[in-house]
Amino acid sequence: MGVRYRRVLNVWQGAYPEVKSHSVSIGCLHCVDPECAAVCPVEAIYKRVADGVVWVDDEICIGCQNCLSACPYGVPQFGVEGTMQKCDLCIAQPGSEYGPPCVATCPGGALSLKTLTTAEKEAHQKTIASLMP
Ligand code: SF4
Ligand code: SF4
């Protein structure tokens, strides 16, 4: 219900009777070259040099939704405030030194927070893009 910072895709592959299904949890990928930032008319989105987090300044956002059209992964969310929201790794939340709550509470240990090289990040983006419906 409402704004979703992560969503789970059910991915089906193959053809009957060799069919496989698995689940993929998708949030903002904090892209190497974020397409959302490139189309923002007011520069409300930027990639932080220090840690690569793609940050949205909701004081600047005018709610045009250009970023939603541009994001290959359908990440940008718009709640009642009308401004863009998405995963920011919870870096401004109390307790952030323990990592994002989604990572801490995943019972299967499927989520992790780690630093990737640019090549690893690009490969990850490519994999996720191939799974998009
Ligand atoms: S909102 Fe989409 S395009 Fe922007 S950084 Fe996140 S995944 Fe990449
Ligand atoms: S909705 Fe906000 S963040 Fe997205 S492109 Fe428009 S002004 Fe920028």
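Computed from heavy atoms alone, side chains included, the values below leave out hydrogens, waters and symmetry copies. Each ligand, and each atom within it, is numbered from 1 in the order the structure gives.
Less than 4.0 angstrom separates some heavy atom of Lys86 from each of these atoms of ligand 1: 1 (S). Atoms of ligand 2 lying under 4.0 Å from any heavy atom of Phe78, numbered from 1 in the order shown and given with element: 1 (S). Near Ile45, meaning under 4.0 Å from one of its heavy atoms, ligand 2 places the atoms 3 (S).
For the pair Ile60/Glu43, no side-chain contact is recorded, criterion being any heavy-atom separation below 4.5 Å from C-beta on. Using a 4.5 Å heavy-atom cutoff, the side chains of Ile91 and Arg48 are in contact. Side-chain atoms of Ser69 and Val39, non-hydrogen and from C-beta on, never get closer than 4.5 Å to each other. Looking at heavy atoms from C-beta onward, Cys31 lies in side-chain contact with Gln125 at the 4.5 angstrom threshold.
The distance from the CG atom of Leu89 to the CH2 atom of Trp55 is 9.5 Å, given to the nearest 0.5 Å.
None of Ile128, Thr127, Val8 except one satisfies the side chain to side chain contact (heavy atoms under 4.5 Å, CB included) rule with Val24; the exception is Ile128.
At distances below 3.5 Å, not a single donor-acceptor pair connects side-chain atoms of Lys47 with backbone N or O atoms of Ala37. At distances below 3.5 Å, not a single donor-acceptor pair connects side-chain atoms of Gln77 with backbone N or O atoms of Gln85.
With a 4.0 Å heavy-atom cut-off, ligand 2 is reached by no atom of Thr83.
Within a radius of less than 2.8 Å around atom 6 (Fe) of ligand 2, the protein N, O or S atoms are Cys64 SG. Neighbouring protein atoms of atom 8 (Fe) of ligand 1 (N, O or S, distance under 2.8 Å, waters ignored): Cys31 SG.
Remark: Gln13 CD is packed, more than 12 non-hydrogen atoms of other residues, nucleotides or ligands lying under 6.0 Å away.
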Going through the checks in order, is the side-chain contact (heavy atoms from CB on, under 4.5 Å) test met by Asp51 and His30? CA-CA 10 Å; Asp51 53 18; His30 300 276; over 6 Å; no
Should Ile45 and Met84 be marked as a side-chain contact (heavy atoms from CB on, under 4.5 Å) after you check the CA-CA gap, both sets of side-chain angles, and the distance that decides it? CA-CA 9 Å; Ile45 310 172; Met84 197 271 240; 4.0 Å; yes
